Trainee: 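A single structure is presented below for examination.
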Amino acid sequence: MKAKTPSESLTVMTEIVLPNDTNNLKNLFGGQLLSWMDRCAAIAAHRHCRRIVVTASVNNVSFNQAIPQGAIVTLEAKVSRAFSSSMEVFVDVYIEDQTISGKKTKANEAIYTFVAVDQLGNPINIPAIQPESDKEKARYEGALRRRQLSLILSGKMEPSEATELKALFLGGEEEKA
């Protein structure tokens with residue numbers, strides 16, 4: 001399978017925060033934002049492998065800034081790394097300034113993991129990722145550490161097997177011991 005670039009999976013969605021999307025403080029419900037991010041990330045994952053994809057985990061969500069009623073929200077998702085059947089997808093969330101400038105400000109982000117499956121729900125192999133920009137390369141490099149941490153937390157990997165995490169925290173010290 002030929003490797004793909006993250007830009008081939010780019011998915012951009014734009015929403016407006018309506019009254020029924022908000023809480024008592026007239027800010028976007030976190031659950032509504034999660035739904036939008038999951039949908040956007042799923043489309044990006046599908047674009048990467050052109051197969052059925054299922055959400056395996058929500059690895060990180062950062063609600064850094066409240067999003068007020070009436071805000072125009074843009075979500076941008078890209079696959080940051082692909083493994084054998086799973087892929088990590090970053091979702092960046094921006095609020096658009098509703099003045100003449102239209103400036104976008106990053107408000108939130110999330111990292112999702114999707115698995116490509118066949119019609120019976122069995123995992124299938126997917127193309128690799130070839131990052132291009134510095135940001136894509138940084139996210140690609142960090143993905144293996146994030147995956148190892150997730151596997152340790154879920155009990156699917158022993159900490160002693162997490163070579164990337166050990167290198168991050170111990171550097172070359174382990175080799176000297």
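Sequential numbering from 1 along the given sequence is applied to the chain's residues. Quantities reported herein were computed from a predicted structural model and do not represent experimental measurements.
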Trainee: Classify the side-chain pair Ser80/Glu88 by whether it contains a donor and acceptor separated by less than 3.5 Å.
Mentor: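 Yes, a side-chain donor-acceptor pair sits under 3.5 Å.
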Trainee: When you compare the side chains of Ser84 and Asn125, does any donor N or O come within less than 3.5 Å of an acceptor on the partner?
Mentor: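 No, no side-chain donor-acceptor contact under 3.5 Å.
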Trainee: Could you list the residues that satisfy side-chain hydrogen bond (donor to acceptor under 3.5 Å, both in side chains) with Thr5, not counting sequence neighbours?
Mentor: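 Counting only residues at least two positions away or on another chain, Thr5 forms a side-chain hydrogen bond (donor to acceptor under 3.5 Å, both in side chains) with Ser7, Glu8.
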Trainee: Return yes if some donor-acceptor pair links the side-chain N/O of His48 with the main-chain N/O of Met87 below 3.5 Å, else return no.
Mentor: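 Such a contact is absent between His48 side chain and Met87 backbone.
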Trainee: Between CG of Leu144 and CG of Leu149, what distance do you get to the nearest 0.5 Å?
Mentor: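 Spacing of CG (Leu144) from CG (Leu149) equals 11.5 Å.
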Trainee: How long is the straight-line distance from CZ of Arg81 back to CD1 of Ile129, given to the nearest 0.5 Å?
Mentor: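 Here the interatomic distance stands at 10.0 Å.
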Trainee: Quick one: does Thr11's side chain have a donor or acceptor within less than 3.5 Å of a partner on Ser9's backbone?
Mentor: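 Confirmed, Thr11 side chain pairs with Ser9 backbone.
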Trainee: Looking at residues at least two apart in the chain, or sitting in another chain, which of them share a side-chain hydrogen bond (donor to acceptor under 3.5 Å, both in side chains) with Asn60?
Mentor: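 Residues passing side-chain hydrogen bond (donor to acceptor under 3.5 Å, both in side chains) with Asn60: Ser62.
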Trainee: Under the side-chain contact (heavy atoms from CB on, under 4.5 Å) rule, what do Asp97 and Lys104 come out as? Steps first, then yes or no, please.
Mentor: CA-CA 6 Å; Asp97 184 345; Lys104 287 183 181 177; over 6 Å; no
Trainee: Look at atom CG of Asp134 and say whether more than 12 heavy atoms of other residues, nucleotides or ligands are closer to it than 6.0 Å.
Mentor: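 12 or below, so no.
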Trainee: Between Glu136 and Lys78, does a salt bridge (Lys or Arg N to Asp or Glu O under 4.0 Å) hold up when you go through it step by step?
Mentor: CA-CA 9 Å; Glu136 290 170 355; Lys78 282 185 188 178; 2.8 Å; yes
Trainee: Verify the cluster assignment for Val115 and Val58: are they in a single hydrophobic cluster under the rule of side-chain heavy atoms below 4.5 Å apart?
Mentor: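 Val115 and Val58: separate clusters.
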Trainee: Could you measure the distance from the CG atom of Asp118 to the CD1 atom of Ile52? Nearest 0.5 Å is fine.
Mentor: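 Between atom CG of Asp118 and atom CD1 of Ile52 there are 7.5 Å.
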Trainee: Look only at the side chain of His46 and the backbone of Arg51, and say whether a donor-acceptor pair between them is shorter than 3.5 Å.
Mentor: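 Present.
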Trainee: Tell me if a side-chain donor or acceptor on Glu96 pairs with a main-chain N or O of Ala71 at a distance below 3.5 Å.
Mentor: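 Answer holds: no.
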Trainee: Could you give the distance from OH (Tyr112) to CG (Leu34), rounded to the nearest 0.5 Å?
Mentor: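 Taking OH in Tyr112 and CG in Leu34, the distance rounds to 4.5 Å.
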Trainee: Please answer whether the main-chain N or O of Phe83 pairs with a side-chain N or O of Ser86 as donor and acceptor at a distance below 3.5 Å.
Mentor: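 No, because the side chain of Ser86 does not come within donor-acceptor range (under 3.5 Å) of the backbone of Phe83.
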Trainee: Please say whether more than 12 non-hydrogen atoms of neighbouring residues, nucleotides or ligands are located less than 6.0 Å from NZ in Lys106.
Mentor: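 Atom NZ in Lys106 is packed in, count exceeds 12.
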Trainee: Show me, pair by pair, the donor-acceptor contacts under 3.5 angstrom made by side chains of residues 154-161, not counting sequence neighbours?
Mentor:
unit_1, atom_1, unit_2, atom_2, d
Ser154, OG, Ser150, O, 3.2
Ser154, OG, Leu151, O, 3.1

